[in-house]
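Let me begin by presenting the structure, written as structure tokens, before commenting on it.
Reminder, nothing fancy here: chain letters follow the sequence lines and each chain counts from 1.
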Amino acid sequence: MSSGSLPGFRDFYPDEFALRAHIFAAWRAVAHRYAFVEYDGPPLEPLDLYTKKSGDEIVGQLYNFTDKGDRAVALRPEMTPTFARMVGARANALRKPIRWFSIPQLFRYERAQRGRLREHFQLNVDIVGEPSELADAELICVAVDIMRELGLGPDDVRARVSDRQLLNAILEEIGVTEGQLTTVYAVLDKMARQPHDISRTKLADAGMVPKHVDRVMELASLGSLVELREAFGAAPALVPHLDRFARMLEHAQALGVGAWMDLDLTIVRGLAYYTGSVFELFDARGELRAICGGGRYDNLLAALGGVNLPALGFGMGDVVLGELLKERNLLPTFSGTRADLYVVGGDGALEHGIQDALTLTRHCRDAGFRVDYALNAERYSTQSTRNQVDAAKKGGARAAVYFEPGDLVAVQGLHGKMTEAPRGTFAAAPLLAGDAHAMAAFKQWFDSTIPHRTND
RNA sequence: GUGGCUGUAGCUCAGUUGGUUAGAGCACCGGUCUGUGGCACCGGGGGUCGCGGGUUCAAUUCCCGUCAGCCACCCCA
């Protein structure tokens with residue numbers, strides 16, 4: 001099969017584009033509801049924007065090349081460095097806290113598989129300049145509210161929340177050494193995907209005594225703050241972290257997303273730059289990859305953008321989200337995007353030829369109708385009305401419109417059985433003349449009488 | 001980057017123990033039906049059987065390679 005696109009890249013046919021537009025619309029609607037403003041940056045950036053912090057090993061997954069000016073460049077694999085640069089350049093002039101979001105198309109060069117392509121769109125939502133845990137609650141709430149906006153519920157999607165500072169304090173309490181942290185993080189991250197005996201072996205190999213291994217493994221089963229307090233609440237070093245986490249949960253509760261949230265200490269996120277809260281959104285059945293991930297990265301702007309401001313954010317890709325919506329039958333309908341009127345040649349086509357049909361089309365379009373027709377003047381006068389109406393119906397139009405003898409314009413609804421569909425006739429002359437009152441009356445009748453088509 | 005599975009029409013799939021011109025349903029295009037039409041019926045277009053090589057009188061079929069897709073690793077921004 002000849003594929004027209006490069007591996008891991010997508011063609012968006014109208015069906016697929018409709019899904020993408022549906023997701024984008026939900027992203028923008030919720031982001032705007034939370035008073036975030038949209039920004040964007042270049043899709044192509046200097047290579048060193050990404051290698052400076054992460055090292056050369058990341059190049060293997062970058063879509064990079066040398067441009068005609070001998071610059072080492074890369075298609076952006078993530079938005080955060082661009083975001084950090086933009087914020088850093090105007091940090092003093094921007095009113096804090098900053099609430100920004102973007103919908104960049106991101107690229108990575110690696111083997112594509114389900115839910116993971118070489119190109120995808122990712123909503124990025126970031127808050128800069130606010131250290132309070134209320135900002136963390138607000139951010140998680142944006143992500144969860146997008147799920148709600150798309151028709152998903154707490155039974156479909158779970159928000160798993162953890163906190164790096166809390167986790168670090170717990171590990172210190174347990175007795176994990178600084179040098180063992182990386183291994184512990186990796187083991188926690190893979191807790192659900194890796195057999196426990198392998199996890200234990202890895203911890204032991206890092207030099208942990210059996211008792212410490214047991215306690216680390218137990219962390220995975222702590223699913224609530226209450227359990228966490230029972231296990232560690234007595235430790236004075238943990239109290240401020242537990243209290244802060246509790247306040248965040250209370251805020252989230254008040255913002256209406258408490259029912260979606262689970263405490264889960266195995267959420268560590270791959271990136272080293274997270275410094276506080278971390279969270280991921282998963283489908284509740286656990287069949288798909290993470291829908292969304294983010295957290296607090298208070299030191300990153302200083303490292304990337306040169307300004308020392310606390311920050312937090314998340315990224316949410318369109319690919320996994322689209323798959324989830326497909327699985328749950330939450331795909332959009334096309335009712336709002338197809339033609340309202342489809343002009344066909346009727347019994348009045350002899351007295352009102354194609355020119356009159358086009359004039360009518362023009363006035364209807366000016367009045368706000370979406371108008372389609374066959375783009376073939378010969379067919380207008382020769383093809384049977386019935387076949388033309390069939391074409392209109394197959395094309396998803398809400399109604400067919402045509403001239404009838406007696407200087408009339410007839411409108412036939414195309415929803416359901418023809419005999420039961422609404423039908424109306426209007427004097428042709430005023431509509432052809434573009435008479436505003438006649439057109440307004442026509443449109444009012446149409447809007448209140450003709451139902452939208454669905455694509456079931 | 002590693003391993004496994006798969007590849008026939010736009011889609012879902014038949015089929016060929018190797019043999020003349022590769023099929024169906026849906027979709028698409030044209031038409032008939034003066035009309036329960038979100039039908040029915042008639043006709044039509046569309047395939048280098050992923051691509052390349054090998055074996056053979058003959059390959060879509062068997063073999064090798066390659067590319068692509070899926071899955072598991074790796075990685076996850």
Side-chain angles (χ1 to χ4, degrees), chain A residues 1-11 13-16 45 49-51 53-55 57-63 74-84 102 104-124 126 185-186 189-190 193-194 198 267-274 278 280 287-295 297 300 304 313-317 319-320 323 346-347 374 376 378-379 382-398 400 412-421 423 451 453-456:
Chain A
M1 200 156 305
S2 68
S3 73
S5 60
L6 289 167
F9 285 75
R10 297 172 287 175
D11 288 331
Y13 287 86
D15 279 357
E16 288 106 41
E45 292 275 19
L49 182 66
Y50 306 111
T51 55
K53 287 306 293 178
S54 309
E57 64 194 52
I58 204 174
V59 175
Q61 297 191 11
L62 280 174
Y63 234 106
L75 291 165
R76 59 185 175 195
E78 58 168 325
M79 198 57 179
T80 302
T82 301
F83 174 73
S102 187
Q105 188 173 22
L106 305 178
F107 305 85
R108 61 190 151 212
Y109 196 94
E110 64 176 352
R111 194 142 166 189
Q113 50 185 299
R114 187 181 188 202
R116 200 164 172 82
L117 305 171
R118 287 182 173 179
E119 150 275 317
H120 72 143
F121 291 92
Q122 187 188 67
L123 171 69
N124 276 249
D126 291 276
Y185 276 6
D189 186 40
K190 292 196 175 187
R193 287 166 285 147
Q194 179 172 271
I198 293 182
I267 299 300
V268 294
R269 308 281 302 149
L271 271 258
Y273 59 60
Y274 288 106
V278 285
E280 294 188 354
E287 293 164 356
L288 302 172
R289 293 164 187 278
I291 298 161
C292 165
Y297 48 91
L300 191 66
L304 285 182
F314 72 78
M316 182 186 295
V319 180
V320 176
E323 281 170 6
D347 292 340
N376 186 313
E378 194 185 351
R379 192 168 295 158
T382 62
Q383 190 178 42
S384 74
T385 299
R386 168 185 304 199
N387 281 356
Q388 293 189 62
V389 171
D390 278 348
K393 200 167 189 171
K394 279 187 178 178
R398 290 167 70 186
Q412 170 70 61
L414 296 175
H415 193 96
K417 292 184 180 179
M418 289 285 267
T419 48
E420 295 169 8
R423 190 173 182 285
R453 298 283 302 275
T454 55
N455 58 341
D456 49 354

* Work out which heavy atom in Pro77(A) is nearest to a heavy atom in Leu62(A); give both atom names and the distance. => CG-CD2, 3.2 Å
* To do: Determine: side-chain N/O of Lys394(A) to OP1/OP2 of A27(B), distance under 4.0 Å, yes or no.
  => no
* Residues which pass side-chain contact (heavy atoms from CB on, under 4.5 Å) with Arg118(A), listed by chain and number, not counting sequence neighbours -> Pro7(A), Phe9(A), Tyr63(A), Tyr109(A)
* Asked: Is a side-chain donor or acceptor of Arg108(A) paired with a backbone partner of Arg76(A) at a separation under 3.5 angstrom?
  -> no
* Asked: Roughly how many Å is it from CZ in Arg108(A) to C1' in G1(B), rounded to a whole number?
  -> 16 Å
* Send over the distance from Arg423(A) CZ to G35(B) P, rounded to a whole Å. => 16 Å
* Asked: Are the side chain of Asn376(A) and the backbone N or O of Glu378(A) linked by a donor-acceptor pair below 3.5 Å?
  -> yes
* Sugar-phosphate only, base, or nothing, as touched by Gln122(A) at under 4.0 Å among non-hydrogen atoms -> nothing
* Same-atom distance (C1') from A14(B) to G25(B), integer angstrom -> 11 Å
* Paired and unpaired positions of RNA chain B as dot-bracket, Watson-Crick or G-U wobble under 3.5 Å, | denoting a partner strand -> (((((((..((((.....[...)))).(((((.......))))).....(((((..]....))))))))))))....
* Asked: When you check the phosphate oxygens OP1 and OP2 of C76(B), does a side-chain N or O of Lys190(A) lie under 4.0 Å from one of them?
  -> no
* To do: To the nearest Å, give me how far apart CZ (Phe9(A)) and C1' (G69(B)) are.
  => 16 Å
* Whole-Å distance separating the OH atom of Tyr185(A) from the C1' atom of C75(B) -> 19 Å
* What pairs with Phe107(A) under ring-ring contact (aromatic ring centres under 6.0 Å, His included), at least two apart in sequence or on another chain? -> none
* Please confirm whether the backbone N or O of Gln105(A) pairs with a side-chain atom of Glu119(A), one donor and one acceptor, at under 3.5 Å? => no
* Asked: Donor-acceptor pair under 3.5 Å: do we get one between Gln61(A)'s side chain and the base of A77(B)?
  -> yes
* At under 4.0 Å between heavy atoms, what does Gly8(A) touch on the DNA or RNA strands: base, sugar-phosphate, or nothing? -> sugar-phosphate
* Using atom OH of Tyr13(A) as one end and atom C1' of C28(B) as the other, report the distance to the nearest whole Å. => 14 Å
